[in-house]
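Chain letters run A, B, ... following the sequence lines, proteins first, then strands; residues in each count from 1.
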Protein chains: 2
Amino acid sequence: MSKASNTRHTILEKAFDLIYKKGYQTTSIDEIIATTKVTKGAFYYHFKTKDDMGLAIINEIVKPTMHEEFILPLESTNDPLDNIYNITESLLLKNEYLTIEFGCPAGNLTQEMAPWNVEFSNALNEIILEWQSSIEESLQLAIEKGSIQTTVNPKQVALFVIAGYWGIRNYGKLAKNIDCYHTYLEELKRYLNQLK
Amino acid sequence: MSKASNTRHTILEKAFDLIYKKGYQTTSIDEIIATTKVTKGAFYYHFKTKDDMGLAIINEIVKPTMHEEFILPLESTNDPLDNIYNITESLLLKNEYLTIEFGCPAGNLTQEMAPWNVEFSNALNEIILEWQSSIEESLQLAIEKGSIQTTVNPKQVALFVIAGYWGIRNYGKLAKNIDCYHTYLEELKRYLNQLK
DNA sequence: ATCAAAACATACTAATTAGTATGTTCTAGC
DNA sequence: GCTAGAACATACTAATTAGTATGTTTTGAT
């Protein structure tokens, strides 16, 4: 990686971290350049505006990360329902980048920005739709294989799972204790099993 | 209501509306006093700080409203599962104060403020715990009456329902279309029926 | 080695922010 | 009607904000 694109990437990563913890609007450019030790000139060389940087974070940090941690594991040969449970459990209890008090980065950005920034909204929507359709597809495959009931509606289940994940992430921000994650996972397991 | 307490209440209501739509941090005092046509002197006579007003909004607007719309309907004599479904449907599709693109006021505030404001966090947590425990209690009663399975774990189901609600509210902010609410409600119905 | 463009550095600006200082007016009890 | 405190009004401040103007340095191709 060239020195310049390294600077750009450093900004994106540190800014992502600040935004994940503090929110987008309340993370200032001054704060970002202070923690990255990059000057304002360098920042505005790489990004036209703050929103330009925000979009780059969604597309170049959030999107690939979610692809790796949410989508790819779904494509394993295990039972789709097991996959969904294991991915959720892993995200809630084992992921090293996410902490309970700060929630889900994509969820946070959606909550904060979706009503007021069409570009953010579209970029986030793309990511979520990708997640949703890969859950759907894996469920559809399971129906065809006969491993889950034919009355299962893949679209509904996918949405239900995603909503649950975002919701428990937000709940966790209040509870600040992983007990709620365990409780949630127990019920998720029951819910998924009942689809078999 | 005296003129003074009327001023105070007007501030709280209009500020709530702005904060619901724009977020807490990005709603300025200047904006609040502009839309309420109250002067800064009046504002700071009624509220020590912005956070003081924020707390008052949670305790005096959000809390009673949620009590009325989330808790009280649970106490009707219907089947608890029907109650849960009907309340959720009513909140998602029929509530006149809530709109899909702006999500859930309590969920928004949690997302934005929980990690950084202990007082907000505590106040919001109180509200959610009240909601949660009233769902729990109504499920417990149903178990005792024999109308749902004895293997149902009320704590788990309550958390699952709340997470789902907050999650679909956040999802809706991206989707900006009530189709997702209908899809979610279908699966919620299926999930709840399976507990019988 | 030269040179043009890429990459970065510094010092500024104009707007907005929460909050304050210092008033004036209204209202209720006497 | 008088008066004290409640209720409100106006003009300010200091800090912070995103973004810009105007530079200097670094880099890679020739």
Side-chain angles (χ1 to χ4, degrees), chain A residues 1-58 60 108-109 112-113 115-120 123, chain B residues 1-58 60 108-109 112-113 115-120 123:
Chain A
M1 183 147 49
S2 75
K3 204 177 164 210
S5 70
N6 187 55
T7 302
R8 181 189 153 93
H9 199 71
T10 304
I11 294 173
L12 288 180
E13 282 193 328
K14 296 257 185 190
F16 166 80
D17 199 55
L18 284 170
I19 290 167
Y20 170 48
K21 288 170 180 158
K22 305 197 19 162
Y24 178 79
Q25 314 253 23
T26 42
T27 299
S28 69
I29 311 276
D30 285 339
E31 211 173 345
I32 292 168
I33 65 178
T35 59
T36 51
K37 274 154 192 164
V38 151
T39 62
K40 195 159 268 195
F43 180 94
Y44 278 100
Y45 173 77
H46 287 285
F47 305 103
K48 257 188 74 180
T49 62
K50 187 186 178 185
D51 281 5
D52 186 38
M53 177 210 63
L55 261 183
I57 287 175
I58 295 174
E60 296 169 42
N108 293 355
L109 277 169
E112 186 180 0
M113 305 300 289
W116 298 98
N117 190 310
V118 174
E119 290 187 302
F120 278 41
Chain B
M1 184 148 50
S2 75
K3 206 179 162 205
S5 70
N6 187 55
T7 303
R8 180 190 155 91
H9 200 72
T10 305
I11 293 173
L12 288 179
E13 283 192 326
K14 295 257 186 189
F16 166 81
D17 199 55
L18 284 171
I19 290 166
Y20 170 49
K21 288 170 180 158
K22 305 197 20 162
Y24 179 80
Q25 314 255 22
T26 41
T27 299
S28 69
I29 311 278
D30 285 340
E31 211 173 345
I32 292 168
I33 66 176
T35 59
T36 51
K37 272 151 192 164
V38 151
T39 62
K40 195 160 267 194
F43 180 93
Y44 278 100
Y45 173 78
H46 288 284
F47 306 102
K48 257 187 74 179
T49 61
K50 187 186 179 186
D51 281 5
D52 186 38
M53 176 212 63
L55 261 183
I57 287 175
I58 295 174
E60 297 169 41
N108 293 355
L109 277 169
E112 187 181 0
M113 305 300 289
W116 299 98
N117 190 311
V118 174
E119 290 187 302
F120 277 41

Mutual orientation of the aromatic rings belonging to Phe16(A) and Tyr20(A) [parallel < 30°, tilted 30-60°, perpendicular > 60°]: parallel
Atom pair CD/CD of Glu112(B) and Glu112(A) - distance to nearest 0.5 Å: 6.5 Å
Atom pair distance, as rounded to whole Å: OH in Tyr45(A) and P in dT25(D): 18 Å
Any Thr7(A) side-chain N or O less than 4.0 Å from OP1/OP2 of dC8(C): yes
Protein-nucleotide distance (Ile32(B), atom CD1; dC8(D), atom P), rounded to Å: 16 Å
N/O (side chain, His46(B)) to phosphate O (OP1/OP2, dA6(D)) under 4.0 Å: no
Salt-bridge contact Glu60(B)-Arg8(B) (side-chain N to carboxylate O under 4.0 Å): yes
Partner of Lys14(A) by side-chain contact (heavy atoms from CB on, under 4.5 Å), out of Thr10(A), Leu12(A), Leu18(A), Ile11(A): Thr10(A)
Contact letters for nucleotides 16-23 of chain D, in which S counts primed atoms plus P, OP1 and OP2 and B counts the base, heavy atoms under 4.0 Å: -BBBB---
Protein-nucleotide distance (Arg8(A), atom CZ; dC8(C), atom C1'), rounded to Å: 16 Å
Quiz item: cation-pi between Lys50(B) and Tyr44(B), 6.0 Å / 45°: no
Rounded interatomic separation in angstrom, taking CG from Asn6(B) and P from dT27(C): 13 Å
Side chain to side chain contact (heavy atoms under 4.5 Å, CB included) evaluation trace for Glu31(A) with Lys22(A): CA-CA 11 Å; Glu31(A) 211 173 345; Lys22(A) 305 197 19 162; 3.0 Å; yes
